[in-house]
Structures are given as structure tokens and as C-alpha cells.
S.K.: 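Just dropping this structure here.
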Amino acid sequence: MSAVSDAGQENPFYYPVSSIKMVGGRGLYLYDEDGKEYLDCISGTFNVILGHNHPEVVEAAKRQIDQLVFSSSNFNSLPVDALASALVAISPPNLTRAHLRSPGGSTANEGAIRIAQHITGKRDVITLFRSHLGQTLAMTSLSGFSTHRTPFPNIFPGGVQVPPPYCARCFYGQAADSCGKLCVARIDEFIKYSSTGSVACVLVEPILGVGGNIIPPQGYFEELKAFCEERGIILIFDECQTGFGRCGHMFAADYFGVSPHIMTLAKGMSGIGLPIGGILTEDRLTGLDKLFHGFTNGGWLPSAAAALTTIEILQRPGFLENVRRVGKQLLAGLDRLGNRFPFVGEARGVGLMVGLEIIGSDNRPDNPTALALQKALLEQGAIVRISEHGRGNVMEIRPALISTEQDVAEIVQRFERACDAVYARH
Ligand SMILES: Cc1ncc(COP(=O)(O)O)c(C=O)c1O
């Protein structure tokens with residue numbers, strides 16, 4: 001007798017699950033058990049960056065599985081060894097060391113914090129309002145959303161959240177061209193009044209993903225890095241969403257022209273959704289003993305083999321250029337919807353990391369209409385997400401980086417049809 005019927009329950013899940021059961025995938029498309037096709041506009045959870053079941057990457061992982069599935073990190077292995085070198089080669093020149101013992105983004109961020117704390121001998125971590133840095137208890141404690149902290153009475157101390165560079169909705173009520181970058185300058189006051197005074201690092205997503213596709217203005221990261229260096233604080237970029245070509249450059253650090261002292265990686269790293277995370281650091285930041293940060297599935301060999309092939313594909317001539325080109329096309333197509341539909345606000349993005357604000361009167365965030373649009377899109381066979389884990393007002397659109405002009409035209413068309421449906425019911 002199954003555990004399900006033993007328990008006398010029809011639904012064995014702890015949490016609610018969708019009635020749609022996915023059974024296959026190819027490129028930008030997913031297929032359910034009835035054979036219905038879905039256009040995946042968010043690449044899984046922004047991690048299947050080369051499209052579902054990319055044949056070359058699947059083959060690389062299968063080859064590794066045939067050869068050796070697992071070796072503990074007490075030993076060197078071919079794919080992890082090669083991956084460390086490849087990561088150092090493609091990242092900004094100051095990042096010369098790869099730490100590959102994390103199975104995902106939350107754990108990579110925790111490792112980066114440990115490194116910063118170990119090196120500086122300090123403790124606090126500064127993050128931005130609207131940050132989403134993972135779901136472990138430590139990362140939840142550092143979240144930029146109170147909703148993520150509220151249910152847990154014993155969150156970790158030492159996190160200080162500061163206003164983000166969200167120019168369209170500036171915390172300080174300033175205009176972007178004359179603001180004096182208060183979102184950097186005022187951090188001193190948060191350190192003085194909200195922290196213990198002992199700050200190890202600033203941990204930021206270069207583009208706030210879950211927070212609403214928020215793109216900092218030119219000059220922000222130059223100022224933030226200078227601020228950190230003047231105070232002996234380590235600057236960490238969480239590139240879990242932005243890395244590996246998402247922004248039309250290998251990393252968002254390349255797009256912004258500012259390299260952090262530490263970079264964390266996950267999500268798109270294996271190209272096809274196999275779990276893997278990583279931390280890249282400067283030479284001077286080595287020294288955290290191996291025993292302090294390592295997980296059973298950190299540097300899992302098939303994931304490392306997949307990551308190597310993914311990096312090779314991203315480096316092919318024209319690949320990132322295509323991301324930039326179709327990204328602009330996507331942005332322009334979504335932007336045009338604003339002329340027809342009053343609830344469509346700002347479209348913003350870099351490469352194929354795109355967000356579309358859904359607004360009510362006075363440009364106010366409109367979550368119910370965003371939810372209605374998401375539902376209408378699903379009726380059109382298109383899968384999207386909404387910022388703040390469904391509580392925000394920004395449609396998240398991050399299709400696979402292999403998207404063609406036709407794919408992007410199809411996405412925009414489905415958005416238009418869904419907007420029509422929402423408008424008719426509005
Ligand atoms: C920016 C960012 N960092 C970290 C994470 C956590 O990654 P993981 O789920 O692999 O722990 C996420 C996941 O959504 C993310 O978006």
C-alpha cells in the first residue's frame with residue numbers, strides 16, 4: 001500500500017501544486033501530459049539558460065555520468081578542475097580563485113559571506129531593500145522583503161537593509177540625474193545607526209531580479225565600490241540571475257564595467273538546470289579553511305561537465321551579440337504595449353533580463369492586474385513570473401538565451417493577446 005493511501009490523503013504534497021504536469025521540454029517549449037505546448041518565457045526558474053534539454057549539454061552530462069557520477073571534493077576531478085580554470089578565464093581579471101563546493105546560489109552566498117567575515121574579522125552584511133538572495137535561513141534573514149522574514153522568529157542577526165538604486169521609485173524622492181547617489185552616500189548612516197559598526201560586506205544583485213528587474217543607474221557601482229574600499233568592506237555581486245550571458249555579457253559586472261571583490265554564481269551555470277554554485281574571489285581573499293564551507297553535492301561532476309559545455313557555447317562567435325540584439329527587440333516590443341494598454345508601465349531590461357511594470361492610476365504598482373495578466377498569458381500558453389514571488393507588479397521575462405527573433409516576436413504577440421484579454425475584462 002502506498003504511503004499516500006496509508007495516510008488516507010489524496011494529495012501527498014506539503015504545499016499546493018499546479019494541476020499542469022510537465023513531461024517534456026525542448027528549447028523554449030515545455031509540454032504537459034496532454035501534449036499541450038507552453039512557451040517558457042522564464043527559462044525554468046531563470047536557470048535553463050540554453051533552453052530545455054539542450055542536446056550538447058545533456059550529452060556532456062550523460063558522458064560524465066557514464067564515466068564517473070561522484071567523487072568527493074577531497075579529490076581533484078577532470079570537470080571540476082577544468083571548470084575552475086574556465087570560470088577564472090571568463091570572469092573579470094581580479095577574480096582569480098574559484099570555490100566550487102556549493103550546490104546552489106543560497107549556499108554560494110553564504111560561503112561568500114563567510115569568506116568576507118573571515119578575511120575582515122567583521123560580521124555585519126549589508127543588503128538592499130527588495131533583495132532576494134536565496135531561501136536558507138541565513139539568506140532569508142538578509143532578504144530585502146519583510147514577508148520572507150516574518151514567519152521565522154529566530155532570524156540571524158547582523159543583516160542591515162538599505163534603499164536600492166530604484167530610480168523609477170526613488171526611496172529618497174530624487175530625480176536620477178541630480179540625486180547625488182544618496183542610495184550610496186546614506187549607507188554611512190545605516191552603518192552608524194542600524195549596524196553593529198562592524199561590517200564585513202555589501203552583498204548585492206547587480207540587477208535586482210525578484211525585486212522587480214531594477215537596473216542601477218550609470219555610476220552607481222563605481223560609487224558603491226569606492227565606498228566599500230574606503231571602509232575596508234568587501235563588495236559581493238550575486239550573479240545567480242545576471243551571470244552567464246543573461247545580460248548580453250558574460251556577467252553583469254562586464255555590462256556595468258565594475259568588478260566586485262567576490263562574485264557568486266548558480267542558476268544558469270549548468271545551462272540546463274543541473275544544480276551547481278560557485279564563488280569567485282580575488283587572490284587576497286583566500287584562506288578560509290576548506291572545512292568551513294562544503295556540501296555533499298557541491299561541484300557535482302555531471303553539473304560541472306554541463307557547466308563547461310555551457311561556457312563553451314556562450315563563448316561561440318555571435319552568441320552574446322544575439323542576446324543583446326533580441327533583448328532590444330523584446331524590450332521594444334513590450335514597450336510598445338504601453339501605447340495601447342493603460343496598465344502597462346515601464347519596460348526595462350538589459351539583454352534578456354527584462355521586466356514590465358503593471359500599474360494602476362498614478363503609476364501605482366498593481367499586483368491584481370499583474371496576476372490577471374499572468375493568468376491570461378498562461379491561457380495563451382506562455383509562462384511568466386511576477387516579481388516579489390507573485391506579490392509585486394513587475395512581469396519577469398527571461399527567455400532562454402538561444403531565443404531567435406521569431407521566438408521574441410512570438411513572446412510579444414502572446415503578451416499582446418493576453419493584454420487584450422485583460423483589457424476587455426478591466
Ligand atoms: C539572485 C539570486 N540569488 C540567489 C538565489 C538562490 O539560489 P538557489 O535557489 O540556487 O539557492 C536566487 C534564487 O532565486 C536568486 O534569484
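Counting starts at 1 for both ligands and their atoms, in listed order.
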S.K.: Could you tell me which atoms of ligand 1, counted from 1 in the order shown, lie closer than 4.0 angstrom to a heavy atom of His132?
M.R.: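 Under 4.0 Å from His132, ligand 1 has these atoms: 1 (C), 2 (C), 3 (N), 12 (C), 13 (C), 14 (O), 15 (C), 16 (O).
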S.K.: Among all protein non-hydrogen atoms, which one is nearest to atom 3 (N) of ligand 1, and what is the separation to 0.1 Å?
M.R.: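 It is Asp238 OD2, 2.6 Å.
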S.K.: Are Phe145 and Phe129 an aromatic pair, judged by ring center distance below 6.0 Å?
M.R.: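 No, too far apart.
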S.K.: Less than 4.0 Å between a side-chain N and a carboxylate O, is that true for Arg130 and Glu388?
M.R.: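 Salt bridge: yes.
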S.K.: I need the nearest protein heavy-atom contact for atom 10 (O) of ligand 1: residue, atom name and distance, please.
M.R.: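 Nearest protein contact, heavy atoms only, for atom 10 (O) of ligand 1 is Gly105 N, 2.8 Å.
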S.K.: For ligand 1, does Cys240 get within less than 4.0 Å through its side chain, its backbone, both, or neither, judged by non-hydrogen atoms?
M.R.: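 Just the side chain.
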S.K.: If we count only N and O atoms by modelled type, under 3.5 Å, do the side chains of Ser43 and Arg398 hold a donor and an acceptor together?
M.R.: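 No, no side-chain donor-acceptor pair sits under 3.5 Å.
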S.K.: Under a 4.0 Å N-O cut-off, is there an ion pair linking Glu189 with Lys192?
M.R.: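 No, this pair does not count.
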S.K.: Would Thr242 and Glu239 count as having a side-chain donor-acceptor pair, cut-off 3.5 Å?
M.R.: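 Their side chains do contain a donor-acceptor pair, which is all the 3.5 Å distance test asks for.
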S.K.: State whether the shortest distance between N or O atoms of Glu205 and N or O atoms of ligand 1 falls below 3.5 angstrom.
M.R.: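 It does not: no N or O of Glu205 is found under 3.5 Å from an N or O of ligand 1.
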S.K.: To check your reading of the model: name the closest protein heavy atom to atom 14 (O) of ligand 1, its residue, and the distance in Å.
M.R.: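 I find the closest protein heavy atom is Lys267 NZ, 3.1 Å.
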S.K.: Are side-chain N/O atoms of Asn109 and Ser106 paired as donor and acceptor at under 3.5 Å?
M.R.: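 Result is no, nothing qualifies.
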S.K.: Quick test: of every protein heavy atom, which one is nearest to atom 9 (O) of ligand 1, and how far off is it to 0.1 Å?
M.R.: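 That would be Ser106 OG, 4.3 Å.
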S.K.: Using a 4.0 Å heavy-atom cut-off, which part of Leu133 comes near ligand 1: side chain, backbone, both, or neither?
M.R.: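 Near ligand 1, Leu133 shows its backbone, while the atoms from C-beta on stay back.
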S.K.: What atoms of ligand 1 come within less than 4.0 Å of a heavy atom belonging to Gly104?
M.R.: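 Under 4.0 Å from Gly104, ligand 1 has these atoms: 10 (O).
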S.K.: Test your reading of the structure: does Gln241 have an N or O sitting under 3.5 Å from an N or O of ligand 1?
M.R.: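 Yes.
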S.K.: Would you say Glu239 touches ligand 1, if touching means a heavy atom closer than 4.0 Å?
M.R.: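 Under 4.0 Å: no for Glu239.
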S.K.: Does Arg348 pair with Asp335 as a salt bridge, N-O distance under 4.0 Å?
M.R.: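 Looking at Arg348 and Asp335, the cut-off is not met.
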S.K.: For the pair Arg316 and Glu56, find out whether any cationic side-chain nitrogen is under 4.0 Å from an anionic carboxylate oxygen.
M.R.: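 Looking at Glu56 together with Arg316, the answer is yes, because their closest N to O distance falls below 4.0 Å.
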